[in-house]
**Q** 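After the structure tokens below, expect a handful of questions from me.
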Amino acid sequence: MQLALDPLMHCDRPLPDVVRLVADLGWENLELCSRDDFFPEYWPPRADNTRIREFKQALHETGMNLVSLLLTYRWASPDEEERQAAVRYWKRALPIVKEIECQTVNSIFDRGPSPQSTSFAGPEVHAEASEAAFWKSMEELLPIFEAEQLPLHIEAHPDDFVEDNNLAVDMIRSIDSPWVKYLYCAPHTFHLGEDVAAMLRYAAPVLAHVHVADSFNHKRGWRYIMNPAGTPARIHQHLDIGAGEVDWEAFFGTLGEIEFDGIMTSQVFAWDGERAVQSSRFMLAKMQEYVDKYWKQS
């Protein structure tokens with residue numbers, strides 16, 4: 001298993017400095033988050049030869065493994081022009097992914113609103129159109145992932161056209177490619193379903209990646225008051241383990257039970273400055289503590 005850090009909290013620094021900081025904090029693996037100067041969300045890649053060279057040099061100097069990076073494009077958009085642009089951005093990004101020697105790519109289903117949203121007159125129709133667009137994009141992109149032998153890990157994100165764990169797993173399984181797997185994001189737990197252990201067991205055949213951060217259960221009473229009443233906003237946090245209400249004994253215990261052996265990424269976003277540094281140290285120690293507790297030691 002590879003324990004990795006998503007360094008979003010540290011992205012006020014130049015990318016080579018981020019790599020060196022992550023190494024100094026004791027991590028051996030990096031999962032690159034979206035960055036406006038490299039791979040911005042929904043926009044084409046901004047990385048040029050200089051930035052690529054500097055990033056690779058920092059990785060090699062520190063011995064850091066780039067285990068994954070996030071790419072988010074509107075590949076499930078019912079707007080055909082938008083969908084085609086997303087596919088073009090994917091095709092521009094993937095050669096850079098190979099150049100920087102990244103082991104996997106992770107992404108989201110995207111282009112909500114989700115079927116549960118009430119912000120559109122016909123949400124079911126919108127979800128159906130988004131899924132049709134997603135499959136059309138996969139027909140173009142899957143042969144590239146397979147030819148390049150580059151794993152793709154997809155997560156259900158709050159307000160994607162699919163945000164339910166079991167439906168997302170079924171979709172991944174129906175792609176039926178060894179290069180496409182599922183990513184379970186723990187801070188999305190209260191949008192994905194009800195039972196952490198049951199969801200992870202259901203995902204087990206295609207589960208290759210988990211994101212680790214805590215969140216509060218937004219479904220409890222009057223915890224959140226939003227205006228206007230009935231807004232379909234999707235609320236969650238990315239906090240340190242223990243700062244929210246995810247059942248971590250069930251999460252790590254079930255992962256140990258199914259002998260999960262993929263990428264486990266700390267994805268805390270809540271802090272900045274020295275508190276962010278403290279969080280990144282804490283998460284490495286806490287994740288390792290759970291791994292030592294629940295995984296069989298050979």
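Just so you know, residue 1 is the first one in the sequence shown, and it goes up from there. These numbers come from a predicted model, not from an experiment.
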**Q** So, E131 versus W135: side-chain donor-acceptor pair below 3.5 Å or not?
**A**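 On atom types as modelled, these side chains qualify, holding a pair under 3.5 Å.
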**Q** Side chains of S280 and H10 only: does a donor on one sit below 3.5 Å from an acceptor on the other?
**A**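 Yes.
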**Q** In plain terms, say whether D240 and R275 are close enough for a salt bridge, that is, a side-chain N and a carboxylate O under 4.0 Å apart.
**A**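 Salt bridge: yes.
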**Q** Could you check whether any side-chain heavy atom of V212 comes within less than 4.5 Å of a side-chain heavy atom of W248, counting everything from C-beta outward?
**A**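 In short, these two side chains touch, coming nearer than 4.5 Å.
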**Q** Do F39 and Y73 make a side-chain contact, defined as non-hydrogen atoms from C-beta onward lying under 4.5 Å apart?
**A**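 Counting from C-beta outward, F39 and Y73 do come under 4.5 Å.
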**Q** Any chance you could lay out the ring pair (Phe, Tyr, Trp, His ring centres under 6.0 Å) test for W43 and Y89, step after step, and finish with the verdict?
**A** CA-CA 7 Å; W43 294 89; Y89 299 162; 7.9 Å; no
**Q** Would you sort out whether D17 and R20 count as a salt bridge (charged side-chain N to carboxylate O under 4.0 Å, His left out), showing the intermediate values?
**A** CA-CA 5 Å; D17 291 351; R20 296 182 184 103; 3.3 Å; yes
**Q** Measure the shortest side-chain to side-chain distance between V169 and M199 over non-hydrogen atoms and say whether it is less than 4.5 angstrom.
**A**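 Contact flag for V169/M199 side chains = no.
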**Q** More than 12 heavy atoms of other residues, nucleotides or ligands under 6.0 Å from CD of E81: yes or no?
**A**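 At most 12 heavy atoms, drawn from other residues, nucleotides or ligands, come within 6.0 Å of this atom.
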**Q** Return yes if some donor-acceptor pair links the side-chain N/O of W295 with the main-chain N/O of F260 below 3.5 Å, else return no.
**A**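 Between the backbone of F260 and the side chain of W295 there is a qualifying donor-acceptor contact (under 3.5 Å).
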**Q** If every non-hydrogen atom of P143 is compared with every non-hydrogen atom of M138, which pair is closest and at what distance?
**A**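 Minimum heavy-atom separation between P143 and M138: CD-O, 3.9 Å.
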**Q** Does atom CD of E82 have more than 12 heavy-atom neighbours, drawn from other residues, nucleotides or ligands, at distances under 6.0 Å?
**A**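 Above 12, so yes.
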**Q** May I ask you to decide if D37's main-chain N or O and R51's side chain share a donor-acceptor pair within less than 3.5 Å?
**A**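 A pair under 3.5 Å: yes.
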**Q** With a 4.5 Å heavy-atom cut-off, do P40 and R46 have their side chains touching?
**A**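 Counting from C-beta outward, P40 and R46 do come under 4.5 Å.
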**Q** I need the L207 CG to L255 CG distance, nearest 0.5 Å.
**A**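 Going from CG on L207 over to CG on L255, the span is 6.5 Å.
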**Q** Given 3.5 Å as the limit, does a donor-acceptor pair link the side chain of T62 with the main chain of L59, or not?
**A**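 Yes, T62 side chain to L59 backbone: donor-acceptor pair under 3.5 Å.
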**Q** Are W27 and L32 connected, step by step, through hydrophobic side chains (Ile, Leu, Val, Met, Phe, Trp, Tyr) whose heavy atoms are closer than 4.5 Å?
**A**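 Both belong to a single hydrophobic cluster.
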**Q** Do H157 and D110 come close enough that some side-chain heavy atom pair is under 4.5 Å?
**A**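 A side-chain contact under 4.5 Å is absent here.
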**Q** Output yes when a side-chain donor or acceptor of D6 lies under 3.5 Å from a complementary backbone atom of L8, and no otherwise.
**A**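 Flag set: sc D6 to bb L8 pair under 3.5 Å.
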**Q** Quick one: pull up OH in Y184 and CG in N165 and give me the separation to the nearest 0.5 Å.
**A**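 One finds 6.0 Å between OH of Y184 and CG of N165.
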**Q** Compare all side-chain heavy atoms of F145 with those of L94 and state whether any distance is below 4.5 angstrom.
**A**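 Sidechains of L94 and F145: in contact.
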**Q** Excluding sequence neighbours, so at least two apart, what forms ring pair (Phe, Tyr, Trp, His ring centres under 6.0 Å) with H211?
**A**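 Here the qualifying residues are H209.
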**Q** For a quick test of reading the model, state the closest non-hydrogen atom pair linking Y182 to I172 and the distance between them.
**A**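 That closest heavy-atom pairing would be N-CG2, 4.1 Å.
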**Q** Is there a side-chain contact between L284 and L25 in this structure, where contact means two heavy atoms from C-beta onward sitting under 4.5 Å apart?
**A**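 Side-chain contact under 4.5 Å: no.
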**Q** Would you please test F251 and Y290 for ring pair (Phe, Tyr, Trp, His ring centres under 6.0 Å) and show each step?
**A** CA-CA 10 Å; F251 178 81; Y290 275 113; 8.6 Å; no
**Q** Between E289 and K286, does the salt bridge (charged side-chain N to carboxylate O under 4.0 Å, His left out) criterion hold? Intermediate values first, please.
**A** CA-CA 5 Å; E289 177 183 322; K286 198 66 177 176; 3.5 Å; yes
**Q** So, does K98 use its side chain to make a donor-acceptor pair with the main chain of L150 at under 3.5 Å?
**A**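 No, K98 side chain to L150 backbone: no donor-acceptor pair under 3.5 Å.
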**Q** What distance separates D164 CG from L192 CG, expressed to the nearest 0.5 Å?
**A**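 Here the interatomic distance stands at 7.5 Å.
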**Q** Backbone N or O of F109 within a donor-acceptor pair of the D160 side chain at under 3.5 Å?
**A**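 Side chain of D160 to backbone of F109, a donor-acceptor pair under 3.5 Å: yes, one is there.
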**Q** Any side-chain to backbone donor/acceptor pair from S137 onto W75? Under 3.5 Å, distance only.
**A**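 Pair found, side chain donor or acceptor close to backbone of W75.
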**Q** List the steps, then state whether side-chain contact (heavy atoms from CB on, under 4.5 Å) holds for R83 with F134.
**A** CA-CA 9 Å; R83 189 200 69 81; F134 172 80; over 6 Å; no
**Q** About how many Å separate CG of L71 and OG of S107, when rounded to the nearest 0.5 Å?
**A**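 If we round to the nearest 0.5 Å, S107:OG and L71:CG are 6.5 Å apart.
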**Q** Are side-chain heavy atoms of E99 and K56 found at a separation under 4.5 Å?
**A**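 In contact.
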**Q** Quick one: does S174's side chain have a donor or acceptor within less than 3.5 Å of a partner on M171's backbone?
**A**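 Confirmed, S174 side chain pairs with M171 backbone.
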**Q** So, the side chain of D214 versus the backbone of E245: is there a donor-acceptor pair under 3.5 Å, distance only?
**A**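 Judged by distance alone, yes, a pair lies under 3.5 Å.
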**Q** Counting N and O atoms only, with roles assigned by atom type, does the side chain of D261 sit under 3.5 Å from a partner on the main chain of M1, one being a donor and the other an acceptor?
**A**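 Checked: pair present.
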**Q** Measure the spacing between CG of N166 and OH of Y202 and express it to the nearest 0.5 Å.
**A**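 If I round to the nearest 0.5 Å, the distance is 5.0 Å.
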